[in-house]
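Beneath this line is the structure, given in structure tokens, with notes to follow.
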Amino acid sequence: MRRTSEIEDLLRLHAPQVLGALVRRYGHFDAAEDAVQEALLAAAGQWPESGVPDNPRGWLIRVASRRLTDALRSDQARRLREEKAAALTPRDAFTAPPPGADRAPSEDDTLTLLFLCCHPDLPPPAQIALTLRAVGGLTAAEIARAHLVPEATMAQRISRAKQRVKGTRFSRPDHWEERLPAVLHTLYLIFNEGYTATSGAFLQRAELAGEAIRLARTVHRLLPGDCEVTGLLALMLLTDARRAARTGAGGELIPLDEQDRGLWDKAAIEEGVALVTWALSQRRPGPYQLRAAIAAVHDEADSPDSTDWPEILGLYDVLVHLVPSPVERLNRAVAIAMVHGPKAGLAELDALAPELTTGHRLDSVRAHLLERAGDPEAARAAYESAAAKTLSLPEQRYLRARAARLGNIT
């Protein structure tokens, strides 16, 4: 009997392949996705007791197909659709393959589903939700918990997203390379929300970050020669490697320069460094590769004092040339402060202020630099301002503690 966690991993591995097989065979993406979810739930309930079938993917396809057929029976064109489905079903679809000849759906099914879930007509929140549901195999309840919204709200969001892509041909879209950045950005957003939650009682949602890494590994396996895919996977590994050291026993936030680096995941760091080293060697640098390279410099430093900040600043110089967004320039301002002093960093923040009018990060960075510059009163006010703007309880507590400490000093 396999452990529940192993079965869950197996189900998530097969979920996109089963969905791809059903959509290609029957169409009806929305109904097929519902049927696959029912099959996954059935497997999660039965396999821990009865054991995993010899051909788990075939079992899931068979059960999902039956559920889909049952759903189609209620339509007005019931008989016509059933006859069409029967005619399109390969005779060996539901038979276990001979040993060593596992008859799998196309290996591109996962990537095709990612392109479908990241359809340009869908807003980013819908892309994320649909990706986690269709490709990640997560239930609406699991996705809702990860995003701290009611299950009914998330179910409605997923339902609307499925309706928007209804009728879309199940194949890799024309000019698919143009849509790949949207796929990578969606996975990046999922990871970021898992690594540093934007709201709630916990700083991190490890399950969400882990799912993003799993999906990034899948895309990398399908597109191993793409430097930005490799860079994104490297970035996730190098960042997530610090997860165990980012919070204390009570869930409190521990900043990078105060973390116990002995808790960092050395194997993840080694893998991430190897990936980004290969990607950069191809001499086609992109944003994810550069972010991964910056993360690698942090991870390879034995202590905060040994961090190569000039190298980090040089990497940020290249990054903001490619992606001149306020967030990247804010991160560069920190590097400038570490190389040229806090006053130089504060000057960069003043130039950024008109563009960063929402969120707490500008005030948080300003507070840190003001503290380093020897202005505790201004730093305390900035910490308090940042604390009032974040919805993350661990970040609020950290920022208020910093402000209180400065108040005690003065």
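Just so it is clear, the values below take in all heavy atoms, side chains as well, and ignore hydrogens, waters and symmetry mates. Sequence positions, counted from 1, serve as the residue numbers for this chain.
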Going by atom types only, do [X] and [Y] share a side-chain donor-acceptor pair under 3.5 Å?
X      : Y      : result
Thr390 : Glu395 : yes
Arg205 : Tyr195 : no
Thr110 : Gln17  : no
Arg246 : Thr196 : yes
Gln204 : Arg243 : no
Asn331 : Arg361 : yes

Would you say the side-chain atoms of [X] pair up with the backbone N or O of [Y], donor to acceptor, closer than 3.5 Å?
X      : Y      : result
Glu33  : Leu19  : no
Arg164 : Asp121 : yes
Thr357 : Ala353 : no

Run the side chain to side chain contact (heavy atoms under 4.5 Å, CB included) check on Leu237 and Arg217 step by step: do they pass? CA-CA 10 Å; Leu237 292 171; Arg217 284 192 184 280; 3.5 Å; yes

Matching residue for Pro310 among Leu313, Thr307, Asp308 - test: side chain to side chain contact (heavy atoms under 4.5 Å, CB included): Asp308

Picking from Val63, Asn55, Ile61, what satisfies side chain to side chain contact (heavy atoms under 4.5 Å, CB included) with Trp59? Val63

Do the non-hydrogen side-chain atoms of [X] and [Y] ever get within less than 4.5 Å of each other?
X      : Y      : value
Tyr316 : Leu290 : no
Pro56  : Leu10  : yes
Leu68  : Glu38  : no
Ile158 : Met154 : yes
Ser65  : Arg62  : no
Leu391 : His360 : no
Phe191 : Thr239 : yes

Closest approach of [X] to [Y] (non-hydrogen atoms, all atoms of both residues):
X      : Y      : value
Val36  : Ala15  : CG1-O, 4.2 Å
Leu22  : Ala32  : CB-CB, 4.1 Å
Arg400 : Ala387 : CG-CB, 3.7 Å
Ala134 : Cys117 : CB-SG, 3.8 Å
Ala64  : Val18  : CB-CG1, 4.4 Å
Leu238 : Ala295 : CB-CB, 3.8 Å

For Tyr398 and Glu252, what are the C-alpha separation, side-chain angles and deciding distance, and is it a side chain to side chain contact (heavy atoms under 4.5 Å, CB included)? CA-CA 7 Å; Tyr398 169 77; Glu252 67 274 14; over 6 Å; no

Determine, stepwise, if the pair Ser392 / Thr198 fulfils side chain to side chain contact (heavy atoms under 4.5 Å, CB included). CA-CA 6 Å; Ser392 167; Thr198 53; over 6 Å; no

Test: [X] and [Y] ion pair at under 4.0 Å:
X      : Y      : value
Asp375 : Lys343 : no
Arg261 : Asp299 : no
Glu384 : Lys389 : no
Glu258 : Arg242 : no

Residues 219-233 vs salt bridge (charged side-chain N to carboxylate O under 4.0 Å, His left out), sequence neighbours excluded, gives none

Does the salt bridge (charged side-chain N to carboxylate O under 4.0 Å, His left out) test come out yes or no for Arg214 and Glu207, once each step is laid out? CA-CA 10 Å; Arg214 187 184 73 82; Glu207 297 82 3; over 6 Å; no

How far does [atom1] of [X] sit from [atom2] of [Y], to the nearest 0.5 angstrom?
X      : Y      : atom1 : atom2 : answer
Gln163 : Leu122 : CD    : CG    : 11.5 Å
Leu356 : Arg366 : CG    : CZ    : 10.0 Å
Asp265 : Glu270 : CG    : CD    : 9.5 Å
Arg157 : Leu130 : CZ    : CG    : 12.0 Å
Leu41  : Gln46  : CG    : CD    : 11.0 Å
Leu208 : Leu132 : CG    : CG    : 6.0 Å

Mind listing the side-chain donor-acceptor pairs of residues 276-284 below 3.5 Å, one per line with the distance, residues two or more places apart or on another chain?
{"from": "Thr277", "atom 1": "OG1", "to": "Val273", "atom 2": "O", "distance (Å)": "2.6"}
{"from": "Ser281", "atom 1": "OG", "to": "Trp278", "atom 2": "O", "distance (Å)": "2.5"}
{"from": "Gln282", "atom 1": "NE2", "to": "Trp278", "atom 2": "O", "distance (Å)": "3.3"}

Arg380 to Tyr383 six-membered ring, cation-pi geometry met (6.0 Å, 45°): no

Before you tell me yes or no, could you show the steps for Gln37 and Thr139 under side-chain hydrogen bond (donor to acceptor under 3.5 Å, both in side chains), namely the whole-Å CA-CA distance, both residues' side-chain angles and the distance that decides it to 0.1 Å? CA-CA 7 Å; Gln37 287 293 323; Thr139 65; 5.8 Å; no

Side-chain atoms of residues 178-188: list all donor-acceptor pairs with protein atoms under 3.5 Å, sequence neighbours left out, distances to 0.1 Å.
{"from": "Arg179", "atom 1": "NH1", "to": "Phe115", "atom 2": "O", "distance (Å)": "2.9"}
{"from": "Thr186", "atom 1": "OG1", "to": "Gln127", "atom 2": "OE1", "distance (Å)": "3.3"}
{"from": "Thr186", "atom 1": "OG1", "to": "Ala182", "atom 2": "O", "distance (Å)": "2.9"}

Answer yes if the ring centres of His340 and Trp309 are under 6.0 angstrom apart, and no otherwise. no

Please evaluate residues Tyr288 and Cys227 with respect to the criterion side chain to side chain contact (heavy atoms under 4.5 Å, CB included), reporting the C-alpha separation (whole Å), side-chain torsions for both, the decisive distance (0.1 Å), and the verdict. CA-CA 9 Å; Tyr288 293 116; Cys227 295; over 6 Å; no

